[in-house]
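Each chain gets a letter, A, B and so on, in the order its sequence line appears, and its residues count up from 1. Note that these values count all heavy atoms, side chains included, but never hydrogens, waters or copies made by symmetry.
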Amino acid sequence: MKILYFAWIRQRIGLAVEELERPPDVTTVNELINWLIGQGEGYTQAFEKRDVIRVAVNQDYVSFDHPIADDDEIAFFPPVTGG
Amino acid sequence: MIRIQEEDFDVGTEIALMTADKAMIGGIAAFIGLVRDMAPVEGTDKRINAMNLEHYPGMTEKKLCEIEAEANRRWPLDASLVIHRYGSLKPGDQIVLVTCASAHRQAAFEACQFLIDWLKTEAPFWKLEDTDDGTMWVETRDTDKAAAARWKK
């Protein structure tokens, strides 16, 4: 899986992008977040306010119960502020 | 057409290009967004010295294309253009251009407003402001969400 982080989520994790092997029991966005939180303090801080975070799978907005696959591009970011 | 770019744009040139050889166009509506020098935090007098606009290359283009296609489904447009900048910007700089052309003004006005309202809540851009108090990420405004919600079908 390719995982991308933007804005303050990127800053807290200290990475813009990473390739990760998904454990077999991680099958949804929500389960992915739960697993990432266990990967270090930066992840814990990044996902602290889970309800404000938006997630995209393969560049489309999805909800947290969306399934994930090994070749997905998954992005986590704060609410958008363009325009 | 949509364009994501670091460099500035010239509104007159862009509109002339967009409308060239299209005599059916009766009117053009345009919105040009600029960097304000006041932070959008009500009740503070924080000054913005600079701004950095981050985006999600790939998804930004995808979302803007979808939004533009939706505008063209809803209104009879003869031309439309969205240009959004990223990178380092200063107060007074142009950030975004949304312009729509149609035979009549109502479609042009409405489509233009729809595009900027949806762009603000759907296009993956984030503003990092450099203020007198340090850098801070701009937060979403409820008024922007409400503005986009009125176009929901």
Please determine whether residues [X] and [Y] belong to a single hydrophobic cluster, defined as Ile, Leu, Val, Met, Phe, Trp and Tyr linked transitively by side-chain heavy-atom distances below 4.5 Å.
X	Y	value
B:Trp75	B:Leu119	yes
B:Ile95	B:Phe9	no
B:Phe31	B:Val11	no
A:Val57	A:Ile3	yes
B:Phe109	B:Ile67	no

Mutual orientation of the aromatic rings belonging to A:Phe77 and B:Tyr56 [parallel < 30°, tilted 30-60°, perpendicular > 60°]: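 The rings of A:Phe77 and B:Tyr56 stand perpendicular, inter-plane angle above 60°.
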
A:Phe6 side chain near B:Pro124 side chain, heavy-atom distance below 4.5 Å: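 They are not in side-chain contact.
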
Student check: side-chain heavy atoms of A:Trp8 and B:Met136 closer than 4.5 Å: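 Side chain of A:Trp8 against side chain of B:Met136, heavy atoms only: no contact under 4.5 Å found.
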
B:His84 side chain to A:Gly82 backbone, donor-acceptor under 3.5 Å: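 Not at all, since once roles are kept as given, no pair shorter than 3.5 Å links the two residues.
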
Donor-acceptor pair, side chain of A:Thr81 and main chain of B:Lys127, under 3.5 angstrom: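 Yes, because the side chain of A:Thr81 sits within donor-acceptor range (under 3.5 Å) of the backbone of B:Lys127.
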
Decide if atom [atom1] of [X] counts as having more than 12 heavy atoms of other residues, nucleotides or ligands within a radius under 6.0 Å.
X	atom1	value
B:Arg105	CZ	no
A:Glu18	CD	yes
B:Met1	CE	no

Residue part contacting chain B, namely of A:Asp60, when any heavy atom lies under 4.5 Å: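 Both parts, heavy atoms under 4.5 Å.
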
Residues B:Met59, A:Glu73; criterion side-chain contact (heavy atoms from CB on, under 4.5 Å); working and verdict: CA-CA 11 Å; B:Met59 183 169 172; A:Glu73 176 178 302; over 6 Å; no

Gap separating the CZ atom of A:Arg54 from the OG1 atom of B:Thr140, nearest 0.5 angstrom: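 Atom-to-atom, A:Arg54:CZ and B:Thr140:OG1 are 8.5 Å apart.
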
Nearest-0.5 Å distance, CD of residue B:Glu54 to CD of residue A:Gln11: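 Taking CD in B:Glu54 and CD in A:Gln11, the distance rounds to 8.0 Å.
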
Pairs of heavy atoms under 4.5 Å with chain B: top-ranked of A:Val52, A:Val80, A:Asn58, A:Leu4: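 Answer, by heavy-atom pair count under 4.5 Å with chain B: A:Val80.
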
Shortest non-hydrogen contact from A:Tyr61 toward B:Glu122: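 Where A:Tyr61 meets B:Glu122 most closely, the heavy atoms are OH-O, 2.5 Å.
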
Structural part of B:Lys62 lying under 4.5 Å from a heavy atom of chain A: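 Just its side chain gets close to chain A.
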
